[in-house]
Amino acid sequence: MIRYPIGIQTFEKIRKGHYLYVDKTKCVYDLANSLSYVFLSRPRRFGKSLLVSTFDSYFRGKKELFSGLDIETLEQDWTEYPVLHFDLSDIKLGTTEQFEININATLSSMEESYGVTTSTDRDISTRFRLLVENIYKKTGKQVVILIDEYDSPLLTVLHDPERLDAMRTVLQSFFSPLKKLDPYLRFVFITGITKFSQLSIFSQLNNLSNITMTPQYSTIVGFTQEEIERDFKDGIQSIAEYNKITYQEALSKLKNLYDGYHFSRDSEGVYNPFSVLRAMNTKQLENFWFETGTPTYLIKTLQSHNTFIPELEESKAFSSDFDAPTEAMVSVLPLLYQSGYLTIKDYNPYTTEYTLGFPNTEVKVGLLHSLIPYYVSKESTKASSTLGNMWLALMKDDLDGMLHIARSFFASIPYQEGTLKDMKTSEGHYTAMLYVMFSLFSNFCYSQVRTAEGRMDILLKTASTIYVMELKIDGSVDDALAQIDHQGYLIPFETDGRRLVKVGINFSSKERTIKEWKIVKG
């Protein structure tokens, strides 16, 4: 029976407990023996902590844990180094006092472990420096420093400038000795979700290598297609049998739900490891990544930037636009990309422009579902019931019935609900509402789709039909249909084989709902 390491982020526990481990040790070896100071940003629940733990075991010389793995034939010496492993994920109260208490407790534990002492009344920066120096003097070996989730204390106060500055200052002070300690250090590895400015946090580490978008390490966490098909055959077969589908259908559903993350241009895609392991363990195909909800800091960022959600589907940006310091961002793209809600979908080598989009169905549906209270209605239960009825109507090809349900629902939403109050009389607001709703019951809902002549408002695909929808506010459905024809929105789908349908929808700003619509076969 295969044991899947659900919630286990310790390499030693996985190996000793005979849990399934997808071998990433060649990347571990290459990285540890080619660079000295490394920074890696990856989304939450993507295996960063396990990677850090793997480095921990490797540098402690625990050769027995790596039996049968790639690194066993690569490493010949297995030198044991002293390792200082910091995990900042628990520091979430957002106060510098809590940070210092936590770090001092960690330093005390490390001092005891290595049998060295420093004065506890010193500041944490000095105490950290003396700890490294004393360990080096006692052991004669360079020290390895591993820092997991460095940005957790910062994300807690991301939208509080005063507390953010204070937390940034104390973090900078803590990390400041690292460059001066260079003669005593063998390897430094820092992970986090987001990329806060290295200038402000790691100001002394001008030799820090950011491998976040380096193709060589794009699959260092996450599962590749080859790894899925090599290591999860039995699990995929169990999913297929449990859900009464074929092996290939199960593999296809896994790919559609959890694959699609690209962390550099032209890189191989990877699956979300957390969701894959949960699927294997439960034999179900669900949106596991969102079990604990959408992070508060993400919702606040979307609100503060008045984000037009439909435009996220196919965002065009340069790397400096999304691989940017989080606290200095002028759009929501850096946070969405670095947090894993958007990923690289395409790259144009001539313009150096990237196309970003949702990596997979799990992320798209999960994110949009969490946004219902902010973009549609605070009454999530009522909204979910409405969506179910709309979906049933659509599956019967009853678009007229679906729009009747939507009209009644929109009319019942109080005027002040949602977060885009300044867009209540704009076409964009209603486009966003429809987009969020349609996306939750169809894997094939798109908005602001670019064509040679312009952008269609909403593109909705079912197994039998392709709907192209154009929205107007206090306008004319005939004008909306004429725009579809004039812009040639149906032309790209003429050879698709499915029925083509044009839909003109007119909203009333006074009634704040759909006033009329017209459905015409293309």
Side-chain angles (χ1 to χ4, degrees), residues 5 7-42 44-72 74-91 102-103 105-116 128 131-132 135-136 138-139 141-152 174-175 178 181 184-193 208-209 211 217 220-222 273-274:
I8 301 175
Q9 303 178 57
T10 306
F11 178 75
E12 183 170 359
K13 185 175 182 180
I14 288 175
R15 296 296 287 168
K16 286 186 175 180
H18 304 290
Y19 292 92
L20 183 143
Y21 173 72
V22 176
D23 193 352
K24 299 290 185 178
T25 59
K26 183 181 185 305
C27 281
V28 167
Y29 177 83
D30 290 345
L31 193 55
N33 291 280
S34 61
L35 297 172
S36 297
Y37 297 83
V38 182
F39 173 79
L40 175 69
S41 168
R42 284 293 185 268
R44 64 189 176 97
R45 293 179 168 179
F46 228 87
K48 299 187 299 298
S49 295
L50 175 57
L51 177 62
V52 172
S53 178
T54 307
F55 276 118
D56 189 310
S57 293
Y58 168 64
F59 280 112
R60 292 183 191 272
K62 297 183 177 181
K63 180 180 178 179
E64 71 282 0
L65 298 179
F66 295 86
S67 176
L69 301 179
D70 289 341
I71 203 171
E72 183 181 32
L74 296 171
E75 181 59 72
Q76 303 299 317
D77 299 330
W78 291 100
T79 303
E80 181 181 353
Y81 295 93
V83 177
L84 302 181
H85 186 162
F86 297 89
D87 182 358
L88 306 189
S89 62
D90 291 333
I91 308 177
N102 184 286
I103 291 299
T106 302
L107 293 174
S108 294
S109 176
M110 291 173 173
E111 289 165 353
E112 182 179 354
S113 176
Y114 286 101
V116 298
F128 181 27
L131 173 63
V132 173
I135 290 176
Y136 177 80
K138 181 173 182 177
T139 65
K141 294 180 180 178
Q142 291 178 306
V143 178
V144 172
I145 296 178
L146 307 174
I147 303 170
D148 194 14
E149 304 290 1
Y150 87 97
D151 56 345
S152 181
F174 177 60
F175 291 129
L178 289 178
L181 289 170
Y184 309 104
L185 299 178
R186 164 64 177 86
F187 185 72
V188 176
F189 187 66
I190 303 168
T191 77
I193 296 174
L208 183 64
S209 298
I211 65 166
Y217 300 111
I220 194 169
V221 292
F274 174 84

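Heavy atoms only: backbone and side chains are in, while hydrogens, waters and symmetry mates are out. Since the model is a prediction, treat every value here as computed from it, not as a measurement.
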**Prompt:** When you look at Leu40 and Ile190, which way does the side chain to side chain contact (heavy atoms under 4.5 Å, CB included) test go after all the steps?
**Reply:** CA-CA 6 Å; Leu40 175 69; Ile190 303 168; over 6 Å; no

Could you tell me which non-hydrogen atom of [X] sits nearest to which non-hydrogen atom of [Y], and how far apart they are?
{"X": "Ser152", "Y": "Leu88", "answer": "CB-O, 3.4 Å"}
{"X": "Leu84", "Y": "Val132", "answer": "CD1-CG2, 3.9 Å"}
{"X": "Gly222", "Y": "Pro273", "answer": "CA-CD, 3.8 Å"}
{"X": "Val221", "Y": "Gly47", "answer": "CG1-O, 3.6 Å"}
{"X": "Gly192", "Y": "Asp151", "answer": "CA-OD1, 3.4 Å"}

**Prompt:** Do Gln9 and Ser49 have side-chain N/O donor and acceptor atoms under 3.5 Å apart?
**Reply:**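 Side-chain D/A pair, Gln9 to Ser49: present.
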
**Message:** Can a side-chain donor-acceptor contact be found between Asp70 and Thr25 if the only test is distance below 3.5 angstrom?
**Reply:**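 No donor-acceptor contact under 3.5 Å links the two side chains.
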
**Message:** Testing Tyr217, Tyr37, Phe55 one by one against Phe189 for a ring-ring contact (aromatic ring centres under 6.0 Å, His included), which residue passes?
**Reply:**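 When ring-ring contact (aromatic ring centres under 6.0 Å, His included) is applied between Phe189 and each of Tyr217, Tyr37, Phe55, only Phe55 qualifies.
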
**Asked** When you look at Phe274 and Phe46, which way does the ring pair (Phe, Tyr, Trp, His ring centres under 6.0 Å) test go after all the steps?
**Response** CA-CA 6 Å; Phe274 174 84; Phe46 228 87; over 10 Å; no

Straight-line distance of [X] [atom1] to [Y] [atom2], nearest 0.5 Å:
{"X": "Tyr150", "Y": "Ser89", "atom1": "OH", "atom2": "OG", "result": "14.5 Å"}
{"X": "Ile103", "Y": "Ser108", "atom1": "CD1", "atom2": "OG", "result": "11.0 Å"}
{"X": "Phe66", "Y": "Leu74", "atom1": "CZ", "atom2": "CG", "result": "11.5 Å"}
{"X": "Ile147", "Y": "Phe39", "atom1": "CD1", "atom2": "CZ", "result": "11.0 Å"}
{"X": "Leu69", "Y": "Lys26", "atom1": "CG", "atom2": "NZ", "result": "14.0 Å"}
{"X": "Ser209", "Y": "Leu35", "atom1": "OG", "atom2": "CG", "result": "4.5 Å"}

**Phe187/Tyr81 aromatic ring centres below 6.0 Å** =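 Here the rings of Tyr81 and Phe187 have centres that are no less than 6.0 Å from each other.
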
**Request:** Take His85 and Val52 through the test side chain to side chain contact (heavy atoms under 4.5 Å, CB included) and record every step on the way to the result.
**Result:** CA-CA 8 Å; His85 186 162; Val52 172; 3.3 Å; yes

**Request:** Step by step, work out the side chain to side chain contact (heavy atoms under 4.5 Å, CB included) result for Gln142 and Leu185.
**Result:** CA-CA 5 Å; Gln142 291 178 306; Leu185 299 178; 5.7 Å; no

**Message:** Let's go through Phe174 and Phe86 carefully: what are the C-alpha distance in whole Å and the side-chain angles of both, what is the deciding distance for ring pair (Phe, Tyr, Trp, His ring centres under 6.0 Å) to 0.1 Å, and is it a yes or a no?
**Reply:** CA-CA 12 Å; Phe174 177 60; Phe86 297 89; 5.4 Å; yes

**Request:** Please work out which of the three classes, parallel, tilted or perpendicular, describes the rings of Tyr184 and Tyr136, given edges at 30° and 60°.
**Result:**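 Rings of Tyr136 and Tyr184: perpendicular, over 60°.
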
**Prompt:** Can you check side chain to side chain contact (heavy atoms under 4.5 Å, CB included) on Asp23 and Ile71, steps first, answer last?
**Reply:** CA-CA 9 Å; Asp23 193 352; Ile71 203 171; over 6 Å; no

Under 3.5 Å, is there a donor-acceptor pair between the side chain of [X] and the main chain of [Y]?
{"X": "Thr139", "Y": "Lys141", "result": "yes"}
{"X": "Arg15", "Y": "Leu65", "result": "yes"}
{"X": "Glu75", "Y": "Asp77", "result": "yes"}
{"X": "Lys48", "Y": "Ile193", "result": "no"}
{"X": "Tyr58", "Y": "Ala32", "result": "no"}
{"X": "Lys138", "Y": "Tyr114", "result": "yes"}

**Asked** Would Tyr19 and Phe11 satisfy ring pair (Phe, Tyr, Trp, His ring centres under 6.0 Å), going step by step from the backbone distance to the final call?
**Response** CA-CA 10 Å; Tyr19 292 92; Phe11 178 75; over 10 Å; no

